[in-house]
**Q** 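Can you read through this structure? Questions will come right after.
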Amino acid sequence: MAPFASVLPRLLCAGVRPSFLHKAAPGPALQSRRTLGRAPAPEVSEPEDRDDLQSKLLELPLQQPDFFNIKELFSMKTLFDARVHLGHKAGCRHRFMEPYIFGCRLDQDIIDLEQTVRHLQLALNFTAHVAYRKGIILFVSRNRQFTHLIENTARDCGEYAHTRYFKGGLLTNAPLLFGPTVRLPDLIIFLHTLNNVFEPHVAVRDAAKMNIPTVGIVDTNCNPCLITYPVPGNDDSPPAVHLFCRLFQITINRAKEKRRQMEALYRLQGPQGAEGSGTGDTSSRADSSCSS
Amino acid sequence: MAAPCVSCCRGLSYRLFLGLRVNFAQTQGYWQTLPVDAQTAPESQRAIAYLFPSGLFEKRARPIMKHPEQIFPKQRAIQWGEDGRPFHFLFYTGKQSYYSLMHDTYGKLLQLEKHNDPFPQKTESMNLIGSRWLIKEELEEMLVEKLSDQDYMQFIRLLEKLLTLQYGPAEEEFIQRFRRSVTIQSQKQLIEPLQYDEQGMAFSTSEGRRKSARAEAVVYERGSGKIRVNGIDYLQYFPITQDREQLMFPFHYLDRLGKHDVICTVSGGGRSAQAGAIRLAMAKALCSFITEDEVEWMRQGMHPAGLLTSDPRVRERKKPGQEGARRKFTWKKR
């Protein structure tokens with residue numbers, strides 16, 4: 001839960017109240033904690049039952065470990081077939097990537113796919129939860145070979161991409177660059193952590209400064225330190241990058257679809273009132289829908 | 001004094017029209033002028049007739065104002081919705097219109113590369129002759145965004161790459177959006193009408209100059225590529241290969257090497273200047289045998305000058321205090 005603790009203030013600022021906190025009225029106190037340039041979440045005057053439904057909507061996914069059924073999306077075999085386990089040469093190895101490396105064959109590092117599977121499941125689960133809560137997801141990469149693919153992926157998800165020259169104060173000085181009430185991304189996904197001169201991308205550091213959680217595919221020559229959910233894997237081969245793009249696209253679409261279904265469900269529930277049987281039905285229906 | 005507004009004038013003229021006496025000393029604001037009375041009324045009438053010749057009530061003489069869109073520059077509306085989510089998927093790059101344009105162009109490029117054969121035959125597109133690419137300011141105005149020179153060059157390079165592939169009508173329409181016609185560029189040069197000699201062979205005459213050499217060339221329509229200069233074959237008149245290449249160039253450019261006969265006279269200048277003068281004369285004479293498009297192509301050919309522009313370079317004069325036009329006297333330290 002350690003990475004989750006760092007993203008808590010951010011989620012709380014978005015008006016989300018995770019179940020395990022049990023805070024009574026966090027609203028006004030948290031408003032003051034908001035960082036500059038963050039637009040307040042839409043303050044709609046909701047009646048009591050709407051508020052109740054809203055909190056149920058947001059708490060229900062957090063009660064299960066794999067609400068969006070991420071495990072079925074990929075296996076170690078698919079990662080192996082997409083050449084995700086291939087790293088760079090041993091001379092390019094970054095010191096902090098050593099725990100993730102399985103071994104070295106003919107001077108080429110091989111990434112441990114068991115760890116990759118675990119990290120990728122966590123990362124995709126987190127992305128799905130952020131998308132479920134209507135967060136802004138930004139895909140960042142500076143590899144010119146995959147610029148077009150990543151921008152297409154982002155557009156098909158309905159999210160945002162930044163695969164071009166990263167201007168200096170984009171995240172740290174956003175109110176000046178964009179406007180006073182701009183909303184920053186709630187999650188940044190790095191498909192390539194390094195920029196064109198093989199240095200860490202500026203957005204990694206800036207996201208950490210602005211308390212924005214990051215998911216990043218780290219190769220053997222990358223620095224996984226500041227990334228919230230690192231995913232050790234190959235970021236240079238086309239099949240690997242295509243696989244990751246596809247996985248992120250499927251998760252985000254699935255999460256948004258699930259959100260629409262839940263909202264439709266609760267809207268049907270609403271006119272009938274908060275009946276006990278109604279809530280029981282929804283939980284069973286939700287279980288059946290997510291297991292399907 | 002500030003110009004009177006229409007409404008005040010109306011009131012004034014109306015009162016004048018009625019011949020009423022008005023006392024302006026009491027009114028505050030606009031008018032601090034002389035009081036109008038029966039003695040000054042005709043003078044005021046004359047003044048009004050002078051200033052507003054069509055009278056004060058003529059509808060067609062009313063001031064016309066420009067549309068607000070022409071006065072106020074286009075600005076960007078707010079880029080995100082109520083929930084804070086931006087509308088455009090490239091919003092966080094900063095230059096969303098420019099990068100989305102690059103994205104679309106690159107997408108078209110990939111599509112063409114995928115569908116076309118890898119070694120296409122070179123197809124000449126003559127529709128580029130009378131047009132030029134957008135300049136940076138025009139592109140900035142189109143996208144409502146500031147661009148840097150490198151961004152602009154990158155975009156133009158992408159478009160040029162798109163041109164090298166075989167494209168269909170959709171891509172052609174896309175490219176035409178970024179071309180502007182250059183109408184004034186084609187100076188209306190008088191194309192000599194063809195003249196016919198005794199055997200019925202068409203020929204055309206024109207002059208050319210270079211430095212101090214003057215040449216006149218007569219180009220015949222049909223022939224075997226023989227050139228006579230001042231009655232002497234060009235092989236003997238220009239023993240240097242470079243001069244003969246200069247003569248050959250206009251024909252070579254139009255792929256008409258062995259097809260025309262030329263007889264020319266030249267005087268003045270030196271060896272190279274005479275060659276250049278004859279070349280210009282021949283190119284101008286050839287204009288009557290070729291199509292309009294080819295004329296344009298000749299004019300743009302071999303930049304920076306082109307084949308149909310006379311070379312303006314002449315010998316620079318020697319200046320006093322210097323040994324030559326640019327060379328200074330030897331500088332001695334002591």
Side-chain angles (χ1 to χ4, degrees), chain A residues 13-15 37-44 131 133-142 144-171 173-174 176-188 203 206-207 212 256, chain B residues 73-116 136 139-140 143-159 161-162 165 167 171 174:
Chain A
C13 289
R38 299 288 320 283
E43 296 274 341
V44 184
R133 285 155 184 274
K134 299 191 180 164
I136 294 180
I137 301 181
L138 183 66
F139 287 85
V140 172
S141 158
R142 201 57 183 105
R144 290 174 55 144
Q145 193 181 356
F146 304 108
T147 300
H148 194 75
L149 168 73
I150 293 168
E151 286 183 341
N152 280 337
T153 314
R155 196 180 42 194
D156 296 335
C157 297
E159 298 296 340
Y160 307 87
H162 185 104
T163 51
R164 310 285 177 166
Y165 175 74
F166 196 85
K167 237 167 139 180
L170 210 76
L171 296 174
N173 203 9
L176 201 80
L177 262 67
F178 294 118
T181 50
V182 71
R183 187 175 151 191
L184 285 178
D186 299 307
L187 171 67
I188 298 185
D206 283 354
I212 301 173
K256 288 184 172 172
Chain B
K74 276 200 278 184
Q75 275 170 8
R76 315 209 97 185
I78 209 90
Q79 303 284 327
W80 51 86
E82 258 187 30
D83 55 350
R85 288 186 77 102
F87 298 128
H88 201 276
F89 75 109
L90 290 175
F91 168 76
Y92 287 105
T93 55
K95 301 183 217 176
Q96 64 182 48
S97 336
Y98 169 71
Y99 285 130
S100 97
L101 186 64
M102 292 287 277
H103 177 78
D104 293 334
T105 318
Y106 191 67
K108 287 190 162 51
L109 204 76
L110 288 178
Q111 224 175 5
L112 286 180
E113 277 179 359
K114 200 167 68 167
H115 291 310
N116 297 352
K136 191 179 133 198
L139 192 61
E140 279 186 349
L143 298 175
V144 198
E145 253 172 17
K146 284 268 176 300
L147 297 176
S148 76
D149 288 328
Q150 291 90 2
D151 293 336
Y152 170 72
M153 286 315 304
Q154 199 66 10
F155 180 59
I156 297 294
R157 255 178 247 145
L158 246 190
L159 285 174
K161 184 146 183 227
L162 199 61
L165 303 172
Y167 48 84
E171 282 86 24
F174 176 77

**Q** Run the numbers on B:Met102 and A:Arg164 for side chain to side chain contact (heavy atoms under 4.5 Å, CB included), then give the verdict.
**A** CA-CA 11 Å; B:Met102 292 287 277; A:Arg164 310 285 177 166; 4.2 Å; yes
**Q** Tell me, yes or no, whether the heavy-atom count around B:Lys136 atom NZ, taken from other residues, nucleotides or ligands under 6.0 Å, exceeds 12.
**A**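 Yes - once you tally the heavy atoms of other residues, nucleotides and ligands closer than 6.0 Å, there are more than 12.
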**Q** For a side-chain hydrogen bond (donor to acceptor under 3.5 Å, both in side chains) with B:His103, tell me which candidate from A:Thr147, A:Asn152, A:Thr163 qualifies.
**A**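 So, applying the side-chain hydrogen bond (donor to acceptor under 3.5 Å, both in side chains) to B:His103 and each of A:Thr147, A:Asn152, A:Thr163, only A:Asn152 qualifies.
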**Q** Report the distance from atom CZ of B:Arg85 to atom CD of A:Glu159, rounding to the nearest 0.5 Å.
**A**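 CD of A:Glu159 is found 4.5 Å from CZ of B:Arg85.
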**Q** Please report the interatomic distance NE2(A:His162) to OH(B:Tyr92), rounded to the nearest 0.5 Å.
**A**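 Going from the NE2 atom of A:His162 to the OH atom of B:Tyr92 covers 12.0 Å.
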**Q** What do the steps show when you test A:Ile136 against B:Phe91 for side chain to side chain contact (heavy atoms under 4.5 Å, CB included), and what is the final call?
**A** CA-CA 12 Å; A:Ile136 294 180; B:Phe91 168 76; over 6 Å; no
**Q** In terms of ring plane angle, is the pair B:Tyr106 and A:His148 parallel, tilted or perpendicular, where the classes change at 30° and 60°?
**A**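 If you compare the ring of B:Tyr106 with that of A:His148, the planes turn out perpendicular.
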**Q** Heavy-atom count around A:Tyr165 OH within 6.0 Å, excluding the residue itself: above 12?
**A**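 No - once you tally the heavy atoms of other residues, nucleotides and ligands closer than 6.0 Å, there are 12 at most.
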**Q** Quick check: closest heavy atoms across B:Thr93 and A:Leu170, and the distance to 0.1 Å?
**A**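 Nearest pair, atom of B:Thr93 first, then A:Leu170: O-CD1, 4.4 Å.
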**Q** Below 4.5 Å from any heavy atom of chain B, which atoms of A:Leu177 appear? Answer side chain, backbone, both or neither.
**A**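 Nothing of A:Leu177, per the 4.5 Å heavy-atom cut-off to chain B.
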**Q** Do the side chain of A:Arg183 and the main chain of B:Asp83 share a donor and acceptor less than 3.5 angstrom apart?
**A**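 Checked: pair present.
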**Q** Under 4.5 Å heavy-atom distance to chain B, tell me which part of A:Phe178 shows up: side chain, backbone, both or neither.
**A**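 For A:Phe178, heavy atoms of backbone and side chain both lie under 4.5 Å from chain B.
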**Q** Could you tell me which of A:Ala174, A:Ala161, A:Cys157 has the largest number of non-hydrogen atom pairs under 4.5 Å with chain B?
**A**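 Result: the option with the highest number of such pairs is A:Ala161.
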